[in-house]
2 protein chains.
Amino acid sequence: MQMVASVMLFDKEDSAGYLINHLARLFARELQDRIQPLGIATGQFPILLELWNGDGLTQRELLGEIDVEQATLANTLTRMERDGLIKRTKHPQDARAQQIWLTDKTKAIKADAYRAALETNQEALAMLSESEKVIFLGLIQKVIGTMRSE
Amino acid sequence: MQMVASVMLFDKEDSAGYLINHLARLFARELQDRIQPLGIATGQFPILLELWNGDGLTQRELLGEIDVEQATLANTLTRMERDGLIKRTKHPQDARAQQIWLTDKTKAIKADAYRAALETNQEALAMLSESEKVIFLGLIQKVIGTMRSE
DNA sequence: TATAATTGCATAGCATGCTATGCAAATGGT
DNA sequence: ACCATTTGCATAGCATGCTATGCAATTATA
């Protein structure tokens, strides 16, 4: 149970991976607190964002817009249908596929949900200057680009 | 199924929360690929980092160093014990508590595991200049600080 | 036009993480 | 000494995300 600081090979507080993971969980919790009253959850958010831009997409089409695996999307959609957040209808041309539609419930909360997400981001970045915010987003996008093409 | 770009209230590619979540998953997958051969998983990493600095801690003491909830830690420790990554012994002074110890297995992989984490970070940030790396980590830390105190 | 390959989804099984809750051991106050 | 509170940990139940696998419908090929 002894340690010497100079021997530490790795400080998690200076590890990009560790910090990003921690920050992602803080964001998720904050957003969850804000959207739970609307009856939706964090993992459903990206899907709803797509559908609010226009629904009737197939799962495959949705998948092209959202950065999760197919199985993750399928499971989330199942929960959303269970909770009355979406409807699935047979695709007219392809018997394997289904079209995914918003329900009245999710149509109704669009504005509140956007506000929740915007406020979460705003509060999180509140201590950054405008230029820092731009730099921050730019750096994240750059690292994502690096990691996606590995 | 129509949309007009000018009407979009929210672009997820400019949302800090969305980007951070995506990046965190990319990091997790990259790290997982590297440490799976060592017989460990991503959620165990912060715990092992602590224990490699000195073991024999109680769960409570570990919790003070790691940014997860108590129940999350307890569950992860249970899996680690199951997999022979740690041992738990009764605390000599407190019958409620246990001390947590590394096993030969986890002692042996320390260097490889550090290397895996360092390489993950290095590759992820490879497209950033040295000063950008410093700025990036600093901004993340700043946002974490903001969100923790809300 | 059969058959092979591909595509669209679903399911199984797991890890990580959360909130809520329970419980026994320890501590504090009277 | 007693009882109330606090502490340390475990468990239940859930969402999110992953890999691996299966399967039916479609498409491409021989």
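Naming convention: chains lettered A, B, ... in sequence-line order (proteins, then strands); numbering from 1 in each chain. Worth saying up front: this structure is predicted, and the values here are computed from it rather than measured.
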Counterpart residues, side-chain contact (heavy atoms from CB on, under 4.5 Å), relative to A113(A) (two or more places apart): L38(A), I40(A), F45(A), W52(A)

Using a cut-off of under 3.5 Å, enumerate the N/O to N/O pairs linking the protein to nucleotides 24-28 of chain C.
unit_1: dA25(C); atom_1: N3; unit_2: R96(B); atom_2: NH1; d: 3.4
unit_1: dA26(C); atom_1: OP1; unit_2: A95(B); atom_2: N; d: 2.8

Nucleotide interval of DNA chain D bounded by contacts with chain B (heavy-atom cut-off, under 4.0 Å): dT7(D) to dT19(D)

Sugar-phosphate, base or nothing in reach of T58(B), heavy atoms under 4.0 Å: sugar-phosphate

Pairing residues for E119(A) by the side-chain contact (heavy atoms from CB on, under 4.5 Å) criterion, not counting sequence neighbours: R34(A), R115(A)

Touch class at under 4.0 angstrom, heavy-atom based, for E69(A) against every strand present: base

Residue list, salt bridge (Lys or Arg N to Asp or Glu O under 4.0 Å) with R96(A), at least two apart or on another chain: D94(A)

Residue list, salt bridge (Lys or Arg N to Asp or Glu O under 4.0 Å) with K142(B), at least two apart or on another chain: E132(A)

Residues that K105(A) engages under salt bridge (Lys or Arg N to Asp or Glu O under 4.0 Å), provided they are two or more places apart: none

Sugar-phosphate only, base, or nothing, as touched by N21(A) at under 4.0 Å among non-hydrogen atoms: sugar-phosphate

Q98(B): partners by side-chain contact (heavy atoms from CB on, under 4.5 Å), with sequence neighbours left out: R88(B)

Touch class at under 4.0 angstrom, heavy-atom based, for A71(A) against every strand present: base

Protein-nucleotide distance (Q98(A), atom CD; dT7(C), atom C1'), rounded to Å: 15 Å

Touch class at under 4.0 angstrom, heavy-atom based, for R29(A) against every strand present: sugar-phosphate

Atom pair CG/CZ of N75(B) and R79(B) - distance to nearest 0.5 Å: 6.0 Å

side-chain contact (heavy atoms from CB on, under 4.5 Å) partners for T58(A), two or more places apart: R60(A), E61(A), H91(A), A97(A)

T72(B) or R88(A), whichever maps to the more 5' nucleotide of DNA chain C: R88(A)

DNA chain C contacts made by residues 37-46 of chain B, counting heavy atoms under 4.0 Å: A41(B), T42(B), G43(B), Q44(B)

Sugar-phosphate, base or nothing in reach of R25(A), heavy atoms under 4.0 Å: sugar-phosphate

With D67(B) via salt bridge (Lys or Arg N to Asp or Glu O under 4.0 Å) - residues at least two apart: R148(B)

Steps toward side-chain contact (heavy atoms from CB on, under 4.5 Å) verdict (R29(B), M147(A)): CA-CA 10 Å; R29(B) 272 204 271 181; M147(A) 297 192 82; over 6 Å; no

Those residues that, when tested against S15(B), pass side chain to side chain donor-acceptor pair (under 3.5 Å) (two or more places apart): N121(A)

Whichever of V68(B) and N75(A) has its nearest DNA chain C nucleotide further upstream toward 5': N75(A)

